[in-house]
Amino acid sequence: MADSETGTSVDFVRAMIAEDIRTGKNDGRVHTRFPPEPNGYLHIGHAKAFSLNFSIAAEHGGLCNLRFDDTNPLAEDVEYVDSIMEDIRWLGYDWGDRLYYASDYFDQLYELALQLIREGKAFVCDLTSDEVRHYRGTITEPGRNSPYRDRTIEENVDLFDRMRAGEFDNGRRTLRARIDMASPNMNLRDPVMYRILHAAHHRTGSKWCIYPTYDWTHGQSDSIEGVTHSICSIEFEDHRPLYDWYLDELGIYHPRQIEFARLYLSGTVLSKRRLLQLVNEGHVTGWDDARMPTLSGLRRRGYTPASIREFLKRVGVAKTESVIDMALLEHCLREDLNRVAPRVMAVLKPLRVVIDNYPDDKVEMFSAANNPEDPGAGSRELPFSKVVYVERDDFLEDPPRKFFRLAPGREVRLKHAYLVTCESVVKDEATGEVTELRCTYDPESRGGEAPDGRKVRGTLHWVSVGHAVPAEVRLFDHLLLPDDGEGKKGFMELLNPESLSVLTGCMVEPSLCDAKPGRTYQFLRRGYFCIDSVDSQAGALVFNRAVSLRDTWARISKAQAGK
RNA sequence: UGGGGAGUCGUCUAGUGGUAGGACAGCGGACUCUGGAUCCGCCGGCGGGGGUUCGAAUCCUCCCUCCCCAACCA
């Protein structure tokens, strides 16, 4: 869809709304809403929905409401209400003073139901849920009318009143719309509007023992709030005729429902039911486990609101069911963090390096830029001494081609410090494991510059042993393994047993000593790491790897191994 | 099988009768005190068959594939 004014293209939802404005519908007003049920934590799929709703309203100077669709007290909880509000705000959206609950409308909904009953368009049905199912027919066969379908209006009003008064047990009766039991659309086969549920509601307490269903609630709530465009996900497409039916029969303000495709992400699952299962069965530590695609999980992992917003923008909005490659989300995070994350040195798997010709007790301070992408980020001082840690992976006794790091006789640069050459290797006599490297440094290379201009390809990160701060580092992999066959394996079989690996004894530079939880850094040459907001403490730092850096060497060595 | 939706590079997504473009991924190169970043390049697609037209991803038609619906969940 090309926008003639800007030359940029817009998605079909925005195009429809633009058309409504052009034709003068709703006096050009745009009012949307995000209607989550508080029965779980929000994930990135929900973020697609609410960012769409909030953004579209904002683009037209309109408003977007937050409305909790709390019509099923059995599934809902205030814990979820709170987390949902926190997550929406975190992503940067604001519903102002328009916080609503479907339960706020229970009285109005009851009156509207009475209106339908009085017009002969709804009836109290005594069929059990099993019987209702049988009477409904199947996908290919029409249903049959309920024997209670033709009760008098007086009887319906009386029975409905008594349902509300609590005279009947759970499931004993329902209020149903009187539409068409032969409709090819199952949603129109006399759908249930109210069920009896003697259960406490997290907001209305025990005031009600009948609860309206989603279909009976949604359109009327939209109408009451003056919502112009009710944007929802595509599985509600064949509910739209029912949405429209209620509004038309009631003769009240009629918003327009528009459906778009939900978001799916490779390597994870975006279904509340399954996420809840992961939590309940202990496959993750909670809704905010850093491996979870929930907003609280992504936040804990180190994802930034900006990166998620950019991701959603790039993903677009359409009606095609699509699975987005997780690599795109990761790309958006790197892109954002590259701009804003302070650089820092941390050695994940330490190997001692002794610089033999460096004075024993000397400590030098080197200035290090906090972010080469952002001169305004300033610099910090790094202590250097005779014994430092480098990454174990940065040394190979017998290096392959194109390996630019440390090896016997090789010279590399210790970032910001000196050029050092590996002179010998110390090993554990019993195991043969390399325990220490003995090196010499070039005193003329202070700051890392070769005095004679000689080229040194390898630059390593390091931490001075005497100044290093120990830390735990958690690395994450996808929750789900790639689905090899054509979805032959079940969800549980695809769970990645190695989605979490914990590294202890990592050594980070001293400037991180009093870093605050939730802050994200780039560990030079390693990736972006966020201080865990739950488990990290001063003196016992815990970092989560949000995403690795692009690793060209990993690709080269993999290709070499393949030969 | 009835109804409702959807099919464009590996993955997303533009396109609305006039040269199929972009992003991510992949591959190659330049540059680099992060094998990062940046820059340049390459790769690769209209589900299929008919038809209309000077011309079709786009219009018509038949077919194929995938998703959703038979909760008193949302």
Side-chain angles (χ1 to χ4, degrees), chain A residues 1-2 8-11 35-37 39 69-72 74-76 125 127-129 132-134 136-143 170-176 183-189 191-197 210-211 213-215 217-218 232-241 259 261 266 272-273 314-332 334-335 338-339 343 345 369 372-373 402-405 413-417 419 447-450 456-461 522-527 548-557 559:
Chain A
M1 259 113 301
T8 57
S9 66
V10 297
D11 57 75
E37 182 187 17
N39 68 344
D69 212 340
D70 55 350
T71 57
N72 180 8
L74 267 20
E76 297 151 10
C125 182
L127 257 23
T128 64
S129 59
V132 167
R133 187 168 66 248
H134 287 122
R136 184 153 34 226
T138 69
I139 240 161
T140 50
E141 301 157 324
N170 286 356
R172 186 67 193 79
R173 282 180 231 265
T174 53
L175 182 73
R176 296 225 262 158
S183 172
N185 183 343
M186 301 298 286
N187 295 118
L188 264 20
R189 321 247 265 225
V192 170
M193 296 166 63
Y194 277 93
R195 71 279 209 184
I196 299 172
L197 227 46
I210 56 171
Y211 289 93
T213 55
Y214 164 83
D215 285 305
T217 308
H218 209 89
C232 64
S233 46
I234 206 152
E235 68 273 22
F236 292 106
E237 202 155 21
D238 52 14
H239 288 243
R240 188 177 355 121
E259 311 85 10
S266 66
K272 269 191 201 167
R273 200 188 100 241
R314 291 192 189 209
V315 158
V317 180
K319 294 191 79 158
T320 319
E321 174 173 298
S322 58
V323 182
I324 314 295
D325 192 336
M326 182 74 87
L328 180 61
L329 217 208
E330 295 173 344
H331 167 83
C332 292
R334 287 193 191 100
E335 186 180 56
N338 177 52
R339 277 192 297 259
R343 270 61 169 174
M345 293 206 279
E373 302 291 320
K402 292 188 182 171
F403 183 81
F404 305 140
R405 287 115 92 143
R413 171 168 30 244
L414 294 181
K415 176 90 178 169
H416 303 304
L419 262 26
E449 211 66 60
V456 177
R457 302 255 348 222
T459 299
L460 310 188
H461 58 280
Q522 185 194 100
F523 286 3
L524 232 56
R525 301 208 302 138
R526 290 272 87 132
S548 66
L549 250 25
R550 287 185 66 221
D551 190 349
T552 309
W553 168 244
R555 283 205 293 264
I556 294 170
S557 62

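Being a predicted model, the structure only gives us computed values, none of them experimental. First the proteins, then the strands, lettered A, B, ... as listed; each starts at 1.
Taking atom C1' on both B/G7 and B/U13, the two are 14 Å apart, rounded to the nearest angstrom. To the nearest whole angstrom, the two C1' atoms, one in B/U11 and one in B/A37, are 24 Å apart. B/G2 and B/C62 have their P atoms separated by 15 Å, with the value rounded to a whole Å. The C1' atoms of B/U53 and B/A70 are separated by 46 Å, rounded to the nearest whole Å. With P as the reference atom, B/G44 and B/A20 are 16 Å apart, rounded to whole Å. Rounded to the nearest Å, the gap between the C1' atom of B/C46 and that of B/U19 is 15 Å. With P as the reference atom, B/C42 and B/G50 are 34 Å apart, rounded to whole Å. Nucleotides B/G49 and B/G26 have their P atoms positioned 33 Å apart, rounded to a whole Å.
The residue A/Gln522 sits close to a base: some heavy atom pair falls under 4.0 Å. A/Leu414 comes within 4.0 angstrom of no nucleic acid atom, judged by non-hydrogen atoms across all strands. Residue-level contact check: A/Val456 touches neither bases nor backbone, having no heavy atom under 4.0 Å from any strand. Within the 4.0 angstrom heavy-atom criterion, only backbone atoms of the sugar-phosphate kind lie near A/Thr213; the bases stay farther away. A/Ile556 comes within 4.0 angstrom of a base, heavy atoms only. A/Glu330 comes within 4.0 angstrom of no nucleic acid atom, judged by non-hydrogen atoms across all strands. Residue A/Leu524 is classed as a base contact, given a heavy-atom separation below 4.0 Å to a base. Within 4.0 Å of A/Ala318, counting heavy atoms only, lie sugar-phosphate atoms of the nucleic acid but no base atom.
B/G35 has its base stacked against the ring of A/Trp553, the centroids being under 5.5 angstrom apart at an interplanar angle below 30°.
Between A/His461 and B/U34 there is no side-chain polar atom (N or O) within less than 4.0 angstrom of OP1 or OP2. For B/G2, the OP1/OP2 oxygens have no side-chain nitrogen or oxygen of A/Arg189 closer than 4.0 Å. At the phosphate of B/C27, OP1 or OP2 sits under 4.0 Å from a side-chain N or O atom of A/Arg555. Remark: A/Thr71 is in phosphate contact with B/A74, judged by side-chain N or O atoms under 4.0 Å from OP1 or OP2.
As rounded to whole Å, 14 Å separates atom P of B/A25 from atom CG of A/Asp551. Rounded to whole Å, the distance from CZ on A/Phe404 to P on B/U34 is 13 Å. If you take CG of A/Leu74 and P of B/A74, they are 10 Å apart, rounded to a whole angstrom. Rounded to whole Å, the distance from CD on A/Glu237 to C1' on B/G4 is 7 Å. As rounded to whole Å, 9 Å separates atom P of B/U34 from atom NE2 of A/His416. Protein atom CZ of A/Arg314 is 12 Å distant from nucleotide atom C1' of B/U13, rounded to whole Å. Summarising the geometry, the separation between CG on A/Asp11 and C1' on B/U13 is reported as 11 Å, rounded to the nearest angstrom. Taking atom CD1 of A/Ile210 as the reference point, atom P of B/C72 lies 16 Å away to the nearest angstrom.
In terms of heavy atoms, A/Ile234 sits closest to A/Glu259 at CA-CB, 3.8 Å. The heavy-atom pair separating A/Asn187 from A/Asp238 by the smallest distance is OD1-O, 2.8 Å. Shortest non-hydrogen contact noted between A/Gln522 and A/Arg525 is OE1-N, 4.4 Å. Heavy atoms only, all atoms of each residue included: A/Leu549 and A/Phe523 are closest at CD2-O, 4.4 Å. Between A/Arg334 and A/Arg550, the shortest heavy-atom contact is NE-N, 3.8 Å.
Put simply, the side chain of A/Asp325 never gets that close to the backbone of A/Leu328: no donor and acceptor are under 3.5 Å apart. Side chain of A/Ser266 to main chain of A/Met326: a donor-acceptor pair is present (N/O by atom type, distance under 3.5 Å, no hydrogens or angles).
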Q: Run the numbers on A/Arg413 and A/Glu449 for side-chain contact (heavy atoms from CB on, under 4.5 Å), then give the verdict.
A: CA-CA 8 Å; A/Arg413 171 168 30 244; A/Glu449 211 66 60; 5.5 Å; no

Q: Quick one: do A/Met186 and A/Thr138 satisfy side-chain contact (heavy atoms from CB on, under 4.5 Å)? Show the steps, please.
A: CA-CA 8 Å; A/Met186 301 298 286; A/Thr138 69; 5.9 Å; no

Q. Would A/Leu197 and A/Leu74 satisfy side-chain contact (heavy atoms from CB on, under 4.5 Å), going step by step from the backbone distance to the final call?
A. CA-CA 9 Å; A/Leu197 227 46; A/Leu74 267 20; 4.1 Å; yes

Q: Using the side-chain contact (heavy atoms from CB on, under 4.5 Å) rule, take A/Thr71 and A/Glu37 through it: C-alpha gap first, then chi angles, then the decisive distance, then the call.
A: CA-CA 8 Å; A/Thr71 57; A/Glu37 182 187 17; 5.7 Å; no

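Ring pair A/Trp553/A/Phe404: centre-to-centre distance not below 6.0 Å.
Nearest to the side-chain atoms of A/Lys319 among the listed nucleotides B/C12, B/A6, B/G35 stands B/A6. Distances from the side chain of A/Pro372 to the nucleotides B/U34, B/C12, B/A74 place B/U34 closest. The side chain of A/Phe403 sits closest to B/G35 out of B/C72, B/A74, B/G35. The side chain of A/Lys402 lies closest to B/G35 when the candidates are B/A14, B/A74, B/G35. Relative to the side chain of A/Thr459, the nucleotides B/C24, B/C12, B/U34 differ in distance, and B/U34 lies closest.
Every stem involving RNA chain B, taken as at least 3 paired positions in a row under the Watson-Crick or G-U wobble test at 3.5 Å, is listed here: B:2-7 with B:64-69, B:10-13 with B:21-24, B:26-30 with B:38-42, B:47-51 with B:59-63.
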Q.
Strictly under 4.0 angstrom, non-hydrogen atoms only: write out the protein contact profile of nucleotides 37-47 of chain B, one letter per nucleotide from the 5' end, B, S or -.
A. S----------

Restricting to nitrogen or oxygen on both sides, can you table the protein-nucleotides 67-71 of chain B pairs closer than 3.5 Å?
unit_1: B/C67; atom_1: O2'; unit_2: A/Glu321; atom_2: OE1; d: 3.1

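At a threshold of 4.5 Å between non-hydrogen side-chain atoms, the residues A/Asp69 and A/Glu76 do not count as touching. The shortest side-chain heavy-atom distance between A/Pro241 and A/Leu188 falls under the 4.5 Å cut-off.
Using a 30° and 60° split on the angle between ring planes, A/Tyr214 and A/His218 fall in the tilted class, from 30° to 60°.
Position along RNA chain B of the nearest nucleotide to A/Gly316 versus A/Lys415 favours A/Gly316 as the more 5'-ward residue. For the pair A/Tyr194 and A/Val315, nearest-nucleotide mapping onto RNA chain B gives the more 5' position to A/Val315.
Classified by its glycosidic torsion, B/A57 falls in the anti category, the angle being over 90° from 0.
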